[in-house]
Amino acid sequence: MGRAEWLDQATDYGGSYLVGRRWVVVADGPTLALLRTRLGGVLLTGSSHAPAGPHGGHGP
């Protein structure tokens, strides 16, 4: 799985990501903002979904 495919799936679960040409960092917003000043990259935020099943997660 490549970076683009991983990001497509990961952003479905929410969260914040700092994305470079060959890397991805997953952390909270303030940490990513600090890292961005040193590493560059683009900040992305995934969609947040409520748990679908009775025990959480995305299944029935």
Side-chain angles (χ1 to χ4, degrees):
M1 176 183 300
R3 183 189 68 163
E5 292 86 3
W6 183 87
L7 276 171
D8 284 344
Q9 292 181 10
T11 55
D12 286 344
Y13 294 95
S16 298
Y17 307 88
L18 179 61
V19 181
R21 287 185 64 130
R22 303 182 100 188
W23 48 266
V24 176
V25 177
V26 181
D28 59 48
T31 300
L32 293 178
L34 178 63
L35 288 172
R36 186 174 184 217
T37 63
R38 300 183 108 196
L39 302 174
V42 177
L43 290 171
L44 299 177
T45 302
S47 303
S48 183
H49 296 286
H55 303 290
H58 290 276

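L34 belongs to no multi-residue hydrophobic cluster, having no ILVMFWY side-chain contact under 4.5 Å with any other such residue.
The shortest heavy-atom contact between L32 and A27 is CD1-O, 3.5 Å.
Connection of V26 to L35 is not established within any shared hydrophobic cluster, with ILVMFWY side chains joined at heavy-atom distances below 4.5 Å, either directly or through further cluster members. If you chain together hydrophobic residues whose side chains sit under 4.5 Å apart, L43 and L39 fall into the same group.
A side chain to side chain contact (heavy atoms under 4.5 Å, CB included) with R36 holds for exactly one of V42, L18, V25; it is L18.
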